[in-house]
J.: 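First the structure, which I've put down as structure tokens, then a few questions once you've had a look.
One-based numbering along the sequence shown. Since we're looking at a predicted model, the values are computed, not measured.
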Amino acid sequence: MQLNRVWGLGLLLPMVAAAPQGGPPPGAPPVAPTVNNMTMFGTGCPIGGGAISQVTRNNTPVFVFREWGIVLPSEESEESGTSFKWCNEEIMLGNGPVGMRLRIASVTVGGWAQLDAGTKISLQVDTKLGGVEAGAKASVIGAEDIKDGNFEVNLVTEPTTIWSACVGPSGDVPQLTVRTTVGLVATKLEDGSFSKGVLGGNATDIERALRINFRPAWEPCPAA
């Protein structure tokens, strides 16, 4: 799916910290790029632009994926006891701050789930900057981490030393790629069956949708 609209996603990158940890030097104008293009593909991605709803958290957008419903057991998990979905987001930004570079500092994933004691939620985020592999993080949570049917995991990417190329005079930012993989992993029981679990709802259930929010960090480019 390809989105060519600037639909409030300019909120994606105003969030900065003090240099050198991730922001512009004192007195610099705010970082507020525009989104020139955004492409999504994967088993968990929405079909058509209307399938994404957008809210904001800490001035950055939260993407809502209603298609991320997973149920264990299922036909695809009968032998392995696992079921995963993923979504790849490729984002092209313009009007970037000349002389700055960025990385994806963290990705927060949350939603609704109901798990047997032996079933886990597996989460993985991988990022690329200009096509170059950058920060990544994985985590696993269980039923004890779900409160009132809801979970939320903040994946802080590592390493923190890989940054994009510098933004040049055109203001074009190197392409950002964020791939998020979320699924269920069951335990095989004594009778040969697997523990059960449900993550997310169906495509019309916005209340149980998976929510993904990623936070960038900026810093001035090193002196030549």
J.: So which atom in Phe151 and which in Asp145 form the shortest heavy-atom distance, rounded to 0.1 Å?
T.: CB-O, 4.3 Å

J.: Return the set of residues passing ring-ring contact (aromatic ring centres under 6.0 Å, His included) with Trp86 (not counting sequence neighbours), or none when no residue passes.
T.: Phe41

J.: Considering all heavy atoms of both residues, which atom of Val173 and which atom of Gly96 are nearest to each other, and what is their separation?
T.: CG2-CA, 3.9 Å

J.: Show the nearest heavy-atom pair for residues Phe194 and Ala186, with the distance to one decimal.
T.: CB-CB, 3.8 Å

J.: Parallel, tilted or perpendicular: which fits the ring planes of Phe65 and Phe63, with parallel below 30° and perpendicular above 60°?
T.: tilted

J.: Does atom CG (Asp148) have a neighbourhood of more than 12 heavy atoms from anything else shown, all under 6.0 Å?
T.: no

J.: Side chains of Leu115 and Val198: does their closest heavy-atom pair fall under 4.5 Å?
T.: no

J.: How about Lys196 and Pro73: do any of their side-chain heavy atoms sit closer than 4.5 Å?
T.: yes

J.: Do Ile104 and Val178 touch side chain to side chain, with heavy atoms closer than 4.5 Å?
T.: yes

J.: Give a yes or no on whether Lys85 atom NZ has more than 12 heavy-atom contacts from other residues, nucleotides or ligands under 6.0 Å away.
T.: yes

J.: Over all heavy atoms of both residues, which pair between Val167 and Asp172 is shortest? Give the atoms and the distance, please.
T.: CG1-O, 3.8 Å

J.: Between Ser164 and Leu102 (side chain of the first, backbone of the second, donor and acceptor by atom type, cut-off under 3.5 Å), is there such a pair?
T.: yes

J.: In the structure I gave you, are the side-chain heavy atoms of Arg103 and Thr157 within less than 4.5 Å of one another anywhere?
T.: yes

J.: Among Leu176, Asn37, Thr177, exactly one meets side chain to side chain contact (heavy atoms under 4.5 Å, CB included) together with Glu90. Which residue is that?
T.: Thr177

J.: Checking Asp116 side chain against Gly118 main chain: does a donor-acceptor pair fall under 3.5 Å?
T.: no

J.: Going by distance alone, is a donor N or O of one side chain under 3.5 Å from an acceptor N or O of the other, for Asn154 and Glu152?
T.: no

J.: Exactly one of Ile121, Ile212, Ile70 should register a side chain to side chain contact (heavy atoms under 4.5 Å, CB included) with Val182. Which one does?
T.: Ile121

J.: Table please: side-chain donor-acceptor pairs of residues 132-144 below 3.5 Å, with sequence neighbours left out.
T.:
none

J.: By the disulfide (SG to SG under 2.5 Å) test, which pairs, at least two apart or in different chains, include something from residues 185-214?
T.: none

